[in-house]
Protein chains: 2
Amino acid sequence: MEKIPIEKLATVLKLLGDKTRLTIVSLLNERECCVCEFVELLDMSQPSISQHVRKLKDANIIKESRKGQWIFYSLNKDNEFYPVIISVLQHVPHQEEKLIQLEKLGKTIICD
Amino acid sequence: MEKIPIEKLATVLKLLGDKTRLTIVSLLNERECCVCEFVELLDMSQPSISQHVRKLKDANIIKESRKGQWIFYSLNKDNEFYPVIISVLQHVPHQEEKLIQLEKLGKTIICD
DNA sequence: TAATTATATAAGTATATGCTTATATGTCAA
DNA sequence: TTGACATATAAGCATATACTTATATAATTA
């Protein structure tokens, strides 16, 4: 098991210690999502979501990939913190439901 | 595996997302400690430590037991968050070293 | 009982955080 | 090229956070 210095780990936990960001990370553990989906699911303003996403991206916890108009985010599995994040997410209820709900509303983004 | 609502978990992670508190919790995973030991080990003021400890206690993450002049703190294993905390602590290097150091300095508290 | 030690609490303060509104950037499609 | 859409960024602001110093409380010991 890869150990992480306390200071670094504290930084990551602080990032996860926010309802919005924890939900985002949890959703990304199901599948990649784009910003507008977070806005829809979390019922928050676009700039607010964008700022949270940026913090996660700056910490290398998530990565982005542009697909045309949209930017999709996904968990960065290569990051040294990925194992801790998975450890934490084990304790969170699955988020599929919300994503299925989104699909029913026809608000899922598909661009393949 | 006991699932924890995202909001609650975020609160716990926010508490752990501080270097001082994460270290305290990590030390308590080795053995119970009293406040003056934290002050010594973390090289912080007594009120500062006391305030961090209170936050952890208020969240029921740790519990106290007075032994004469001293108040010892330990992880509250009955708490619903205990499993998550253990999950997180798995990723942290062991803290025994620091406690052994403390003993060598004769600053360990023994009151049995 | 008075002095000492351990801890908690209160009040003040500087900085961090998370939102808001407004605007900029980037892509697509008519 | 213009308009529409998706996203990012900037600036401002209210609240939260983590210290500090000063003081209170509680137990111990001389």
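Order of the sequence lines fixes the chain letters, A, B, ..., with proteins taken first and strands second; residue numbering starts at 1 for each chain.
Heavy atoms of A/F38 sit nowhere under 4.0 angstrom from any nucleic acid atom. Note on B/K57: nothing from the nucleic acid sits closer than 4.0 angstrom, heavy atoms only. Looking at heavy-atom distances under 4.0 Å, B/K14 makes contact with sugar-phosphate atoms alone, never a base.
Contact annotation: side chain of A/Q69 to base of D/dC5, donor-acceptor pair present below 3.5 Å. For B/Q46 against C/dA8, a side-chain-to-base donor-acceptor contact under 3.5 Å is present. At a cut-off of 3.5 angstrom, the base of C/dT20 holds at least one donor-acceptor pair with the side chain of A/Q51.
For B/T20, taking side-chain heavy atoms from C-beta onward, the closest of the listed nucleotides C/dA8, D/dT9, D/dC19 is D/dC19. Which of D/dT17, C/dA8, C/dT7 sits closest to the side chain of B/P47 comes down to C/dA8.
Rounded to an integer number of Å, the gap from CD1 of A/I71 to C1' of D/dT9 is 12 Å. If you take CG of A/L15 and P of C/dA16, they are 15 Å apart, rounded to a whole angstrom. Remark: P of C/dT7 and CD1 of B/I49 are 11 Å apart, rounded to the nearest angstrom. In this structure, B/F72 places its CZ atom 14 Å from C1' of D/dA27, rounding to the nearest Å. Rounded to whole angstrom, the span from the CD atom of A/E64 across to the P atom of C/dT27 amounts to 11 Å. With rounding to whole Å, B/K55 atom NZ is found 8 Å from D/dA16 atom C1'. Computed from coordinates, the A/L56 CG to C/dG18 P distance equals 11 Å when rounded to whole Å. Regarding A/R54, its CZ atom lies at a distance of 7 Å from the P atom of D/dA10, rounded to whole Å.
Nearer to the 5' terminus of DNA chain C, by closest-nucleotide assignment, is the contact made by B/V53 (compared with the other of A/S48 and B/V53). Comparing B/R66 and A/H52 by the nucleotide of DNA chain C that holds the closest heavy atom to each, the one mapping nearer the 5' end is B/R66. Remark on DNA chain D: of its neighbouring residues A/S50 and B/D18, the 5'-side contact belongs to A/S50, judged by nearest-heavy-atom nucleotide.
No side-chain donor-acceptor contact under 3.5 Å links A/Q101 and A/K98.
Under a 3.5 Å cut-off, the side chain of B/T23 and the backbone N or O of B/K19 do form a donor-acceptor pair. Formation of a donor-acceptor pair under 3.5 Å by the A/N76 side chain with backbone atoms of A/K63 is not found in this model.
Using a cut-off of 4.0 Å between Lys/Arg side-chain N and Asp/Glu carboxylate O, A/K67 and A/E32 are scored as salt-bridged. A salt bridge is defined here as a Lys NZ or Arg NE, NH1 or NH2 lying under 4.0 Å from an Asp or Glu carboxylate O, and B/E37 with B/R31 meets this definition.
Phosphate proximity of D/dA8 to A/Y73: present, with a side-chain N or O under 4.0 Å from OP1 or OP2.
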